Participant: 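I have a structure here, written as structure tokens, and I will follow up with some questions on it.
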Amino acid sequence: MIIAIDGPAASGKGTLGKRLAHHYGYRHLDTGVIYRAVAYALMQSGHDLNDEAAAVQAALELDPEKFGNPALKTQLAGEGASIVSAIPRVREALLNFQRQFAADPPGAVLDGRDIGTVICPHADVKIFVVADPKVRARRRTMEARARGEDADEAAVLADIIQRDERDKNRPIAPLKPAPDAYLLDNSQLDIEGGVRAAIDIIEAVRAGRSRG
Ligand SMILES: Nc1ncnc2c1ncn2[C@@H]1O[C@H](COP(=O)(O)OP(=O)(O)O)[C@@H](O)[C@H]1O
Ligand SMILES: Nc1ccn([C@@H]2O[C@H](COP(=O)(O)OP(=O)(O)O)[C@@H](O)[C@H]2O)c(=O)n1
């Protein structure tokens, strides 16, 4: 089974994806990390984030072993990711890796912006996670502070809104729900509540399928 999770910045996609993968015994890929890693590589090598050739090269040379680098979590890397991810050739270079990850047994949960629309249009279940922008900014700020960073909630909110706008309005793989995605608003839910709601959706889809 392939579970596709999409949604705007800091909506809880990664947390949900990880928890669902654990619940079902599947592998999990946070695809945002891939674009963050490309942006980070460009920043480290002193290239402009709009340098298409350098960005494609960085995408082709990605090392999944480095996806755990804490530097990829910063606001700067997220902002950079939103710029490099709008380059069509970068997305193209990263397509196979993501599709291969999804196809490998026993099943996979992928989260990002275009999983249900482009990467896995035939996913068994698609969930589009949303939450009020202020709630998302608050959660992301608390997360950064817990890591010891000095995060300003208003600046985090501005970054989230700016990235969402860029991601929604780009011509390639824009952020939008697939027509067959289930909407999950977790503004009023805690993490457990969000996970339960997602499992309810997945089980309802499975039950519907087995009834044929
Ligand atoms: N339902 C929820 N209730 C409270 N906090 C949440 C919930 N879902 C996620 N979070 C927290 O919000 C922050 C952003 O979640 P994350 O999974 O990183 O989002 P995304 O992958 O969409 O960027 C994290 O600190 C996470 O612990
Ligand atoms: N499948 C994906 C995942 C991320 N991205 C881009 O990468 C950026 C960072 O993604 P992320 O999921 O790590 O961001 P957060 O929601 O964690 O803040 C996004 O703002 C998108 O521009 C994308 O274009 N497609």
Side-chain angles (χ1 to χ4, degrees), residues 4-21 28-40 49 55 59 67 69 71-88 90-95 97-99 101-102 109-120 123 126-147 149 151 153 156-176 178 184-198:
I5 303 176
D6 291 299
S11 55
K13 307 175 296 295
T15 304
L16 181 63
K18 201 168 168 182
R19 291 286 300 265
L20 290 178
H28 170 231
L29 180 63
D30 165 1
T31 64
V33 165
I34 304 177
Y35 296 94
R36 285 170 180 264
V38 172
Y40 183 69
L49 290 166
F67 286 172
N69 182 351
L72 302 184
K73 292 209 175 273
T74 62
Q75 195 167 312
L76 200 65
E79 169 72 14
S82 172
I83 295 170
V84 298
S85 68
I87 303 173
V90 168
R91 302 199 75 87
E92 203 182 298
L94 298 169
L95 205 66
F97 172 74
Q98 296 173 80
R99 289 208 173 130
F101 185 95
V109 184
L110 286 84
D111 76 86
R113 302 291 185 289
D114 62 339
I115 308 303
T117 51
V118 176
I119 305 295
C120 303
K126 301 178 186 178
I127 299 177
F128 196 83
V129 187
V130 295
D132 181 88
K134 285 190 180 148
V135 172
R136 291 189 271 136
R138 151 96 350 170
R139 290 174 179 167
R140 182 67 20 116
T141 304
M142 303 300 277
E143 177 192 331
R145 286 185 187 154
R147 276 201 305 270
E149 288 168 30
E153 197 169 325
V156 172
L157 177 61
D159 169 68
I160 282 178
I161 291 173
Q162 189 192 16
R163 266 199 298 135
D164 286 352
E165 282 306 305
R166 193 185 287 125
D167 293 346
K168 274 187 222 164
N169 292 308
R170 65 187 177 206
I172 182 157
L175 164 67
K176 65 169 180 200
L184 199 172
D185 186 336
N186 68 26
S187 307
Q188 312 282 342
L189 301 174
D190 60 10
I191 292 176
E192 289 303 325
V195 172
R196 270 199 306 275

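As the structure lists them, so they are numbered: ligands from 1, and atoms in each ligand from 1. Nothing here was measured: the structure is a model prediction, and the numbers come from that model. For the single chain, residues carry numbers from 1 onward in sequence order.
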Participant: Report the residue from Arg91, Arg163, Arg166 that forms a side-chain contact (heavy atoms from CB on, under 4.5 Å) with Ser85.
Facilitator: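 By the side-chain contact (heavy atoms from CB on, under 4.5 Å) criterion, Ser85 pairs with just one of Arg91, Arg163, Arg166: Arg91.
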
Participant: For residues Asn186 and Ser11, is any side-chain donor paired with an opposing acceptor at under 3.5 Å?
Facilitator: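 The criterion, which ignores hydrogens and geometry beyond distance, is not satisfied for Ser11 and Asn186.
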
Participant: Considering heavy atoms of the protein only, find what lies nearest to atom 16 (O) of ligand 2 and give residue, atom and distance to 0.1 Å.
Facilitator: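 Ranking protein heavy atoms by distance from atom 16 (O) of ligand 2, first comes Lys13 NZ, 2.8 Å.
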
Participant: Heavy-atom contact under 4.0 Å between Gly12 and ligand 1?
Facilitator: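 Within the 4.0 Å threshold, so yes.
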
Participant: With side chains defined as the heavy atoms from C-beta onward, is the minimum distance between Leu16 and Val195 less than 4.5 Å?
Facilitator: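 Sidechains of Val195 and Leu16: in contact.
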
Participant: Is there side-chain contact between Lys18 and Thr15, with heavy atoms separated by less than 4.5 Å?
Facilitator: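 When only atoms from C-beta onward are counted, Thr15 and Lys18 do not touch, as no gap falls below 4.5 Å.
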
Participant: Provide, to 0.1 Å, the distance between atom 24 (O) of ligand 2 and the closest protein heavy atom, together with that atom's residue and name.
Facilitator: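 Closest protein heavy atom to atom 24 (O) of ligand 2: Arg91 NH1, 2.7 Å.
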
Participant: Which residue supplies the protein heavy atom nearest to atom 27 (O) of ligand 1, what is that atom called, and how far is it?
Facilitator: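 Result for atom 27 (O) of ligand 1: Ile191 CD1, 3.8 Å.
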
Participant: Are the side chains of Ile5 and Val109 in contact, using a 4.5 Å heavy-atom criterion?
Facilitator: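 Of all side-chain heavy-atom pairs linking Ile5 with Val109, at least one is under 4.5 Å.
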
Participant: Salt bridge (Lys or Arg N to Asp or Glu O under 4.0 Å), that's the test. Do Glu143 and Arg139 meet it? Break it down for me.
Facilitator: CA-CA 6 Å; Glu143 177 192 331; Arg139 290 174 179 167; over 6 Å; no

Participant: Considering only non-hydrogen protein atoms, determine which one is nearest to atom 16 (P) of ligand 1 and report residue, atom name and distance to 0.1 Å.
Facilitator: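 Scanning the protein heavy atoms, the shortest distance from atom 16 (P) of ligand 1 goes to Thr15 OG1, 3.5 Å.
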
Participant: Among protein heavy atoms, which sits nearest to atom 22 (O) of ligand 2, and what does the distance come to when rounded to 0.1 Å?
Facilitator: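 I find the closest protein heavy atom is Asp167 OD1, 2.7 Å.
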
Participant: Do Asp164 and Arg136 make a side-chain contact, defined as non-hydrogen atoms from C-beta onward lying under 4.5 Å apart?
Facilitator: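 When only atoms from C-beta onward are counted, Arg136 and Asp164 do touch, with a gap below 4.5 Å.
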
Participant: Numbering the atoms of ligand 2 from 1, which are under 4.0 Å from a heavy atom of Ser82?
Facilitator: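 Those atoms are 20 (O), 22 (O).
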
Participant: Starting from atom 21 (O) of ligand 1, find the nearest protein heavy-atom neighbour and note its residue, name and distance.
Facilitator: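 The closest heavy atom on the protein side is Gly14 N, 2.7 Å.
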
Participant: Of the choices Lys73, Arg166, Gln75, Arg113, which has the non-hydrogen atom that lies closest to atom 10 (O) of ligand 2?
Facilitator: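 Looking at heavy atoms only, Arg113 sits closest to atom 10 (O) of ligand 2.
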
Participant: Checking the side chain of Arg99 only, and the main-chain atoms of Ile119 only, is there a donor and an acceptor separated by less than 3.5 Å?
Facilitator: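 Yes, the answer is positive, given that a donor and an acceptor are paired below the 3.5 Å cut-off.
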
Participant: Kindly indicate, with the supporting measurements, whether the criterion side chain to side chain contact (heavy atoms under 4.5 Å, CB included) is fulfilled by Ile34 and Leu29.
Facilitator: CA-CA 9 Å; Ile34 304 177; Leu29 180 63; 4.2 Å; yes

Participant: Run the numbers on Leu184 and Val130 for side chain to side chain contact (heavy atoms under 4.5 Å, CB included), then give the verdict.
Facilitator: CA-CA 6 Å; Leu184 199 172; Val130 295; over 6 Å; no

Participant: Between Leu95 and Val118, is there a side-chain heavy-atom distance shorter than 4.5 Å?
Facilitator: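 They are in contact (side-chain heavy atoms under 4.5 Å apart), so the answer is yes.
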
Participant: Does Ala10 reach ligand 1, in the sense of a heavy atom lying below 4.0 Å from it?
Facilitator: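 Heavy atoms of Ala10 do come under 4.0 Å of ligand 1.
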
Participant: Geometry only, no angles: is Ala10 polar-contacting ligand 2 at N/O separations under 3.5 Å?
Facilitator: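 The answer is yes, given that Ala10 and ligand 2 share an N or O pair closer than 3.5 Å.
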
Participant: Do any N/O atoms on Asp30 end up under 3.5 angstrom from N/O atoms on ligand 2?
Facilitator: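 Looking only at distances, the answer is no, because the N/O contact criterion of under 3.5 Å is not met.
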
Participant: Would you say ligand 1 has an N or O under 3.5 Å from any N or O of Asp111?
Facilitator: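 Not met; the criterion fails.
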
Participant: With a 4.5 Å cut-off on side-chain heavy atoms, are Phe128 and Leu175 touching?
Facilitator: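 Yes, side chains in contact.
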
Participant: Distance to 0.1 Å, residue and atom name: give those for the protein heavy atom nearest to atom 9 (C) of ligand 2.
Facilitator: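 Going by distance alone, atom 9 (C) of ligand 2 is nearest to Arg163 NH1, 3.5 Å.
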
Participant: Note the single closest protein heavy atom to atom 22 (O) of ligand 1, along with its residue, its atom name and the distance in Å.
Facilitator: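 Result for atom 22 (O) of ligand 1: Lys13 NZ, 2.7 Å.
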
Participant: How far is atom 13 (O) of ligand 2 from its nearest protein heavy atom, and which residue and atom is that?
Facilitator: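 It is Arg36 NE, 2.6 Å.
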
Participant: As an exercise, identify every atom of ligand 2 less than 4.0 angstrom from a heavy atom of Gly32.
Facilitator: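 That gives atoms 3 (C), 4 (C), 10 (O), 11 (P), 12 (O), 13 (O) of ligand 2.
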
Participant: Which residue supplies the protein heavy atom nearest to atom 3 (C) of ligand 2, what is that atom called, and how far is it?
Facilitator: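 For atom 3 (C) of ligand 2, the nearest protein heavy atom is Thr31 OG1, 3.4 Å.
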
Participant: Select one of side chain, backbone, both or neither to describe which atoms of Ser85 lie under 4.0 Å from any atom of ligand 2, heavy atoms only.
Facilitator: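 Side chain only.
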
Participant: Could you go through Thr74 and Tyr40, starting from their C-alpha distance and side-chain angles, then the distance that decides it, and tell me whether this counts as side chain to side chain contact (heavy atoms under 4.5 Å, CB included)?
Facilitator: CA-CA 10 Å; Thr74 62; Tyr40 183 69; over 6 Å; no

Participant: For atom 3 (N) of ligand 1, which candidate among Leu189, Val135, Val195 provides the closest heavy atom?
Facilitator: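 That would be Leu189.
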
Participant: What do you reckon, does Tyr35 have a nitrogen or oxygen under 3.5 Å from a nitrogen or oxygen of ligand 2?
Facilitator: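 The answer is no, given that Tyr35 and ligand 2 share no N or O pair closer than 3.5 Å.
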
Participant: Just going by heavy-atom distances, which of Arg170, Lys168, Arg140 is nearest to atom 18 (O) of ligand 2?
Facilitator: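 Checking each option, the heavy atom nearest atom 18 (O) of ligand 2 is found in Arg140.
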
Participant: Report yes if Gln98 has an N/O atom closer than 3.5 Å to an N/O atom of ligand 2; otherwise report no.
Facilitator: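 By distance alone, the answer is no.
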
Participant: Can you tell me which residue and heavy atom of the protein come closest to atom 8 (C) of ligand 2, and the distance to 0.1 Å?
Facilitator: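 Here the closest protein heavy atom is Ala81 CB, 3.6 Å.
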
Participant: Could you walk me through whether Arg140 and Gln75 pass the side chain to side chain contact (heavy atoms under 4.5 Å, CB included) test, one step at a time?
Facilitator: CA-CA 10 Å; Arg140 182 67 20 116; Gln75 195 167 312; over 6 Å; no

Participant: Can you list the atoms of ligand 1 that are under 4.0 Å from a heavy atom of Arg140?
Facilitator: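 Those qualifying, in numeric order: 14 (C), 16 (P), 18 (O), 19 (O), 20 (P), 23 (O).
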
Participant: Going by the closest heavy atom to atom 5 (N) of ligand 1, which one wins out of Glu143, Arg138, Arg139, Arg19?
Facilitator: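 When every heavy atom of Glu143, Arg138, Arg139, Arg19 is considered, Arg139 comes closest to atom 5 (N) of ligand 1.
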
Participant: Identify whether the distance between the nearest side-chain nitrogen and carboxylate oxygen of Arg19 and Glu192 falls below 4.0 Å.
Facilitator: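 Salt bridge flag = yes for Glu192 with Arg19.
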
